[in-house]
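Just so you know, these numbers come straight off a predicted model, no measurement behind them.
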Amino acid sequence: MDPSRQKHFSVVDYVIFAVLLAASAGIGLYYALSGGRQRTTQEFLLADRSMRCLPVSLSLIASFQSAVAIIGVPAEIYTHGTQYWFMGCAYVLGLLIPAHVFIPVLYRLRLSSAYQYLELRFSKAVRVCGTLTFIFQMVVYMGVCVYTPAFALNAVTGFELWGTVLVTGLVCTLYTTVGGLKAVIWTDVFQTAVMFAGQLAVIVVGVQRAGGVSEVWRKVLEGNRISGLDLNPDPTERHTFWTLGVGGVFLMLSLYGVNQAQVQRYLSSRTERDAVRSCYMVFPSLQLALALSCIMGLVMFAQYCGEDHADKLKSSSRDAMVIYFVMDMLQGLPGLPGLFVACLFSAALSTISSAFNSLATVTMEDLIKPQFPSMSEARATLVSKALASSYGLLCLAMAYLTHLMGDSVLQVALKIFGMVGGPILGVFCLGMFFPCANSTGAVTGLGAGLLMAFWVGIGSIVTRSSKTELLAPSCHFVLESENTTSALQTTFRNITRPSGLRRFYSLSYMWYSGFSCFTVILTGLIISFLTGPMKEEDVTPGTIYPLGEKLLCFLPECVQKKLCCVTQPLSEEERLPPQHKDCNGLSCGHPPSSQEETEGLSSQPCCHNVEQETAV
Ligand SMILES: O=C(O)CCCC[C@@H]1SC[C@@H]2NC(=O)N[C@@H]21
Ligand code: NA
C-alpha cells in the first residue's frame with residue numbers, strides 16, 4: 001500500500017503493544033522463579049497436574065484461536081457472507097465427544113503425552129509415527145500463526161515485518177522456555193482477555209461509525225451477506241451446513257480431542273472432573289469468539305460496501321484489508337489501534353506458546369525419554385527447555401514458508417488441520433473404538449490417511465490455478481447486481497463442473513478431516529483383519545472406549561462381538577493396584593496422593609478400564 005494511505009501509530013499505541021509483551025514475559029518469569037521453579041518435567045510440562053478448570057478452559061480456547069481467526073474470519077464473512085458462522089454447530093459434538101470419550105480414556109491412563117496412548121494400545125512404532133505427524137502439523141501451523149499478524153500489520157501500517165516476527169518469536173520463546181506450562185496457561189488467560197477486548201473495541205467503534213446497529217443491519221441485508229441455511233449436500237461446495245456443521249466436527253475432534261496441545265491441558269487438570277468441566281466451559285467462550293469475528297466482518301462490510309472503497313481495498317490483500325478496516329475505524333482514537341495490535345499479537349502469542357510447549361513435551365516424552373530412560377530429572381528439564389527454544393527458531397523459518405503460500409491464512413490453517421490432524425484423529429479412533437485393530441493396521445492406516453489427505457490437498461492447490469471457484473468480486477460490484485453475481489457463479493460452475501479426478505480435487509477442504517479420518521479407520525481395519533486381528537485379552541486395559549455398548553447396542557450381539565469384540569470389564573482382583581509399578585513399561589505417573597484416594601479417583605489409572613469406571 002502506498003505510504004500516503006498508510007495508517008500510523010501514536011506513541012500510546014506502541015506503549016500498549018510493549019506493555020502486552022512485557023506482561024506476557026513477566027508472567028513467564030514469575031513462574032520461572034516461583035513454585036518448584038520449573039525444576040521437574042512434571043511441573044515444566046504438566047504444571048504439576050494442579051490446574052483448575054477456569055484457566056484451563058481459557059487456555060484451551062487460546063491454543064487454537066490465533067490471529068488467523070481474528071483476521072481470517074472477518075475477511076471470510078466480508079467476502080462470502082455468514083455461512084462460516086455455522087462452524088458454531090460443530091462445537092456441540094466437537095466438545096461433547098472429547099469430554100465424554102477422549103478425556104476419560106486419556107486422563108485415566110495418566111499419560112504425559114497423548115501419543116503414549118498409541119504405544120499402550122498399539123506399539124512404539126505407532127507412537128513415534130503419531131508424534132512425528134503431530135510435530136509436522138504444529139510446526140507448519142506455528143509458521144502461519146507467527147507470520148499472519150506481522151504480515152497484515154506490515155501491509156497496512158508499514159510495521160517492520162521481520163522485526164515484528166523476530167520480537168514475537170523471541171518473547172514467546174522466552175516465557176515458554178523459562179515458565180513452562182504454568183506460564184503458558186496463565187499468559188493464555190491474560191491474552192484471551194486482551195483478544196476479546198480488542199475485537200469488542202473494533203466492533204463498538206465500527207458500528208458507531210457505520211451509523212448504528214440498524215444501519216449496519218440494513219446494509220448487510222442489502223448486500224446479501226446474511227447466508228441462509230445451505231443444505232446443499234454437494235461435498236465440493238466450499239461452505240455449507242454439512243461441510244461446516246458436520247465436517248467441522250472432525251476438525252474439532254482432531255484439535256480438542258487428540259491434539260497434544262489440548263490433551264496436555266486436560267492432563268494438567270487437578271481431577272478428571274476438572275478436565276471435563278474445562279471442556280464444557282470452552283463452549284460459550286468459543287461461540288463468543290466466533291460471534292465477535294463474524295460480527296466484525298459484517299460491520300466491515302456495512303462500513304465499506306456503502307461507499308465505493310473498492311480501489312483502497314483492492315490494493316491490500318484479502319487478509320490485510322481487515323487491518324486496514326481496523327486502522328480506518330480506530331484512527332484518531334489514541335490507544336485503540338495499539339489495543340487491537342495487542343489483541344492480534346495476544347492471539348498469536350497464546351497459540352505459538354501452546355505449540356512450543358506441546359512440541360517440547362512430545363519430543364521429550366515420546367522421542368527422547370524412551371531412548372534415555374535413565375536420564376536425570378534435571379537434565380530432562382534442561383533438554384525440554386532447549387527444545388522449546390529450538391522450536392521457537394524453527395517456527396521463524398516456517399513463517400517465511402508461509403510468506404510463499406499466498407492463500408487466505410484461515411484456509412491455509414484449516415487445510416493443515418484437515419490434512420494432518422484428520423489422520424491422527426483416525427488412528428486414535430481406530431485404537432479406542434476397534435479393539436481388533438492391530439499395530440500394522442494402525443501404521444498402514446495412518447500412512448494411507450496422510451497420503452489421501454495430501455493427494456486431495458495438493459491436488460486442490462494445483463488445479464485451483466484454473467480458479468474454478470469464483471472469488472466474490474469487490475464489494476462495489478456486489479451492491480449493484482447480487483443476482484447477476486450468483487447467476488454468473490452458477491453458470492460459471494456449470495461450465496467448469498469438474499468430473500472424475502478434478503471433482504475429487506474440488507472436495508471442500510472442510511471435509512479433509514473427516515475424509516482422512518475414515519480412510520485411516522477403513523484401511524486400519526482391513527489391514528488388521530488381513531494380518532490377524534488383535535485378541536481382546538491382548539488389548540491393554542483402559543485403552544478401549546466401549547463403543548459397542550454405547551452406540552452399536554442396536555446391532556446383533558454377534559456383529560458387535562465381531563466388529564468391536566466387546567471387552568469384558570476387569571474382575572475385582574484384576575483391579576487391585578499394581579503397587580504403582582510401571583505397567584506396559586510406561587511410567588504410571590506419581591503414586592496417588594491420599595487426596596486422590598479420598599476423591600475415589602482411579603488410583604491405578606493406567607491399568608484401569610474406562611468401562612469399569614462408567615460401570616461404577
Ligand atoms: O485461529 C486459528 O489459529 C486457526 C483457525 C481456527 C481453528 C479452528 S476453527 C474451529 C475451532 N474454533 C476456533 O476458534 N479455532 C478452531
Ligand atoms: Na491464540
Side-chain angles (χ1 to χ4, degrees), residues 64 68 115 118 125-145 147 235-236 238 243 247-255 257-260 355 359 362 394-395 397-430 440-466 468-469 498 500-527:
F64 292 108
V68 171
Y115 308 103
L118 297 178
V126 180
R127 174 183 184 179
V128 170
C129 292
T131 303
L132 293 175
T133 310
F134 167 78
I135 290 173
F136 172 70
Q137 173 187 359
M138 292 308 268
V139 165
V140 176
Y141 174 53
M142 253 187 334
V144 181
C145 291
Y147 178 74
T236 63
R238 181 172 167 276
T243 62
V249 171
F250 291 97
L251 169 72
M252 288 294 289
L253 293 184
S254 72
L255 296 178
V258 298
N259 184 286
Q260 172 64 21
L359 283 166
V362 298
L394 179 63
C395 117
M398 292 312 295
Y400 187 68
L401 189 106
T402 313
H403 185 56
L404 309 175
M405 268 190 212
D407 202 349
S408 106
V409 287
L410 179 65
Q411 201 135 307
V412 168
L414 294 179
K415 277 189 176 179
I416 294 168
F417 292 146
M419 288 158 63
V420 190
I424 298 177
L425 172 65
V427 177
F428 275 90
C429 293
L430 185 71
T440 321
V443 174
T444 325
L446 179 61
L450 285 168
L451 206 69
M452 294 304 283
F454 274 81
W455 183 19
V456 68
I458 308 288
S460 75
I461 292 173
V462 171
T463 53
R464 206 202 40 203
S465 54
S466 63
T468 44
E469 181 181 323
L501 208 50
R502 293 180 72 80
R503 186 158 168 72
F504 174 62
Y505 289 149
S506 53
L507 176 75
S508 163
Y509 68 89
M510 284 306 302
W511 280 119
Y512 287 3
S513 299
F515 170 65
S516 50
C517 177
F518 273 110
T519 307
V520 170
I521 293 174
L522 200 62
T523 315
L525 285 176
I526 293 170
I527 300 293

Student: To the nearest 0.5 Å, tell me how far Leu522 CG sits from Cys517 SG.
Tutor: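 Those atoms lie 11.0 Å apart.
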Student: Work out which heavy atom in Gln137 is nearest to a heavy atom in Leu255; give both atom names and the distance.
Tutor: NE2-CD2, 4.4 Å
Student: Looking at Val520 and Gly445, what are the two nearest heavy atoms and their distance?
Tutor: CG2-O, 3.3 Å
Student: Taking the side chain as every heavy atom from C-beta outward, state whether Arg238 and Tyr509 have any pair of such atoms under 4.5 Å apart.
Tutor: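 Yes, at least one pair of side-chain atoms sits under 4.5 Å.
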Student: Answer whether the closest heavy-atom distance between the side chains of Met138 and Cys145 falls below 4.5 Å.
Tutor: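 Met138 vs Cys145: side chains apart.
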Student: Among Thr133, Leu118, Val126, Leu430, exactly one meets side-chain contact (heavy atoms from CB on, under 4.5 Å) together with Leu446. Which residue is that?
Tutor: Thr133
Student: Indicate the atoms forming the closest heavy-atom contact of Phe250 with Ser513, along with that distance.
Tutor: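 Answer, listing the atom of Phe250 first, then Ser513: CB-CB, 3.6 Å.
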Student: Please tabulate, for the side chains in residues 416-426, all donor-acceptor contacts under 3.5 angstrom to protein atoms that are two or more places apart in sequence or on a different chain.
Tutor:
none

Student: Show the nearest heavy-atom pair for residues Thr519 and Thr523, with the distance to one decimal.
Tutor: O-OG1, 2.5 Å
Student: Are Ile135 and Leu359 packed together at the side-chain level, in the sense that at least one heavy-atom pair is separated by less than 4.5 angstrom?
Tutor: yes
Student: If you compare all heavy atoms of Cys129 against all heavy atoms of Val443, which two are closest, and at what distance to 0.1 Å?
Tutor: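 Between these two residues, the closest heavy atoms are SG-CG1, 4.5 Å.
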Student: With under 30° as parallel and over 60° as perpendicular, where do the rings of Phe504 and Phe515 fit, or are they tilted in between?
Tutor: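 Phe504 and Phe515: perpendicular rings.
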Student: What pair of heavy atoms forms the shortest contact from Gln260 to Tyr115, and how long is it?
Tutor: N-OH, 3.6 Å
Student: According to the side chain to side chain donor-acceptor pair (under 3.5 Å) rule, which pairs have a member within residues 441-459, sequence neighbours left out?
Tutor: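 Non-adjacent pairs meeting side chain to side chain donor-acceptor pair (under 3.5 Å): Trp455-Tyr505.
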Student: Using a 6.0 Å cut-off, check whether atom CZ of Phe518 has over 12 heavy atoms from anything other than its own residue.
Tutor: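 Not more than 12 within 6.0 Å, no.
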